[in-house]
Amino acid sequence: MPAGIERHAVLVAALIDAGELTQGVADAQFADLGHDARSDLTDALMALLIGIACCVRQSWRTGFHQLGGLPEAELRSVGAGPLPDAITTKTAEGFSLYGLYPETYLEAAGAVHAAERPTQVIGLRSVGAPLAAAVAAGLGLWNAVTLRPTGHPFNREIRLADSLSAEILAGKDARYAVVDEGPGLSGSSFGAVADFLENAGVAPDRIHFFPSHAGMPGGCSSERHWLRWQKAHRPVVDIGDMLIHKPKRPEHRLETWAAELVGPPTGDMMEISVGWWRGVRYSREAEWPPVKPQLERRKFLLPTAGGTWLLKFVGLGSMGERKLSRARSLHAAGFTPEVAGFRHGFLVERWIDGAVSLDQRFGERDRVVEQAGRYLGFRARHFEAGAEQGASLTALAEMARFNTAQTLGEEAARDLDRLVQDAGLLEDAVRRVETDNRLHAWEWLHAPDGRLLKTDALDHHAGHDLIACQDIAWDIAGAAVEFDLSESECLRLCRIVAGQSGHPVNPDLLALLTPCYLAFQMADHAMAVNTVAPESADAKRLRAATDRYVRRLERIIAAGRRDRSPMDTCIAAA
């Protein structure tokens, strides 16, 4: 390939794919042994990973002009020994959803003062495998190990073979780099390794954590882990600084990548992540919808002579390429804005200046139902679920019951049981597709030219939650709730979806999924309150949204008590 950002992106994709292979093989070995241990195969895979990471480092530091060389011996050694019959790989959500770049770890490792540089690198699987290789490459090391934290998410532990434990602790003056995404709600994966090292006599100042952000662990962190994190070495480079605010080379600038597709910028790029997009779409802050800032993708507005463009993170490597293909097919069908292309994780999509979101101006209800039905029917016909599957109906029913008991009490949960009791019997009726899972009114736009467009339509079926891919009835339930559809409007929506998709909508399935949808949204918004300042405007918006779903769920439970038909019970939610 010619030198440039596209070649660099392919190299990073190779690092990610090799990381998944390494993770799968190491986890298969862990399952056989019951602990992590050295082996010729995992050593060869880590050497390969670090070799690819060194090529990424050379490409990045030379502005994509040079690649460096990958030793052929590393490639040969991976295939030299016996491989497992099968492995299970895990898609790293950070690379696909949350703007996690291996280059930030390269930069963070390279910035560590020489006198304090770690001499041993420990990556935490899954995503810690390729990230550990990036840190090793940044430190100039050719060795790293990966460990699998196990146990309760808030109380992880590690299990090592005695020989591996002795090897890790062998260096009297060793310094350690512990590498992972996060920390999340508890930081217990990082903490498990630090506990092991400190309990063996390693001084805390010899441990460097390489996380994905500069923040503290969430509210589920233990006191020991919280206090340790406050004082610890935590080298981190923010993706915004690396690509926008403080790039080391002009070739690293995000707008430079996009300029290849849409032309040079005519003004400063503006970040609209963590809900800041509302300040552009809405004239009054009082009208802003609720957001969950921690789950929002990084996104920027780029002004050019040809108009304004939205640069949104959608995933690195093949994950991003698949979303580019999905975006193009949705635009060609008339449902989403124009797509200019894709550059190393970022989709470049037309920003519709002057557009008004559906919650600000609902417009002609018949037209909204028509477009929503055509859109959902298109998804149902063209986006059948592949490897990505979703929760079973039984799991959705259990989720709905648990959330209802937590919020409305055990009596309401028992009444809900009647509405979801047939979950297991309906499983054969499910036809799983890549559902939208975000039918909220503010996710739709009235464009100045009269089009009604769907935004954020690419990957919520692959989000970090229980739902994933479901029958299109899940999205119909979402539209019925979010658009406040009447009974006749809901029935019309079902007819349009069936006509467009070629598959009828099962009314019993729709009746089951409607309370599940409400219970999920109720708890999802309630939990999000804990991620923002307690007395902030966003907290109030999230509480108001939670109350809205509570009222609708109460209404549907009351309708169920009156023995209404499945479809009538569904409409009661609206």
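- Taking the six-membered ring where tryptophan is involved, the planes of Tyr517 and His440 are tilted, since the angle between them lies from 30° to 60°.
- If you run side chain to side chain contact (heavy atoms under 4.5 Å, CB included) between Val348 and each of Leu311, Val339, Leu254, only Leu311 comes through.
- Although no hydrogens or angles enter the test, the distance criterion places a donor-acceptor pair under 3.5 Å between the side chain of Arg278 and the main chain of Gly275.
- A donor-acceptor contact under 3.5 angstrom links the side chains of Arg432 and Gln470, judged on distance only.
- Of the possible polar contacts, one joining the Arg7 side chain to the Phe64 backbone as a donor-acceptor pair under 3.5 Å is found.
- With hydrogens and angles ignored, the 3.5 Å screen pairs a side-chain donor or acceptor of His213 with a backbone N or O of Gly215.
- At a cut-off of 3.5 Å, with distance as the only test, no side-chain donor of Gln371 or Trp444 sits close to an acceptor on the other residue.
- Side-chain N/O atoms of Arg281 and Ser357 include no donor and acceptor closer than 3.5 Å.
- At least one donor-acceptor pair closer than 3.5 Å links the side chain of Ser186 to the backbone N or O of Pro153.
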task: Report the C-alpha separation of His344 and Trp257 in whole Å, then their side-chain angles, then the decisive distance to 0.1 Å, and conclude whether the side chain to side chain contact (heavy atoms under 4.5 Å, CB included) test is met.
output: CA-CA 8 Å; His344 195 26; Trp257 306 350; 3.7 Å; yes
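- Side-chain atoms of His331 come within 3.5 Å of backbone N or O of Thr336 as a donor-acceptor pair.
- Classification of Arg326 and Glu434 as a salt-bridged pair holds, one side-chain N sitting under 4.0 Å from a carboxylate O.
- Electrostatic pairing of Arg548 and Glu482 counts as a salt bridge here, judged by a charged N lying under 4.0 Å from a carboxylate O.
- Counting only N and O atoms by type, the side chains of Ser212 and Glu181 include no donor and acceptor under 3.5 Å apart.
- No donor-acceptor pair under 3.5 Å is formed between the side chain of Thr435 and the backbone N or O of Asn437.
- Between the side chain of Glu296 and the backbone N or O of Val274 there is at least one donor-acceptor pair closer than 3.5 Å.
- At distances below 3.5 Å, not a single donor-acceptor pair connects side-chain atoms of Arg297 with backbone N or O atoms of Ser273.
- Under the 3.5 Å distance criterion, with hydrogens and angles disregarded, a donor-acceptor pair is assigned to the side chains of Ser59 and His8.
- Taking the six-membered ring where the residue is Trp, Tyr549 and His525 present tilted rings, their angle falling between 30° and 60°.
- None of Glu103, Glu107, Glu251 except one satisfies the side-chain hydrogen bond (donor to acceptor under 3.5 Å, both in side chains) rule with Trp60; the exception is Glu107.
- Ring pair Tyr101/Phe313: centre-to-centre distance below 6.0 Å.
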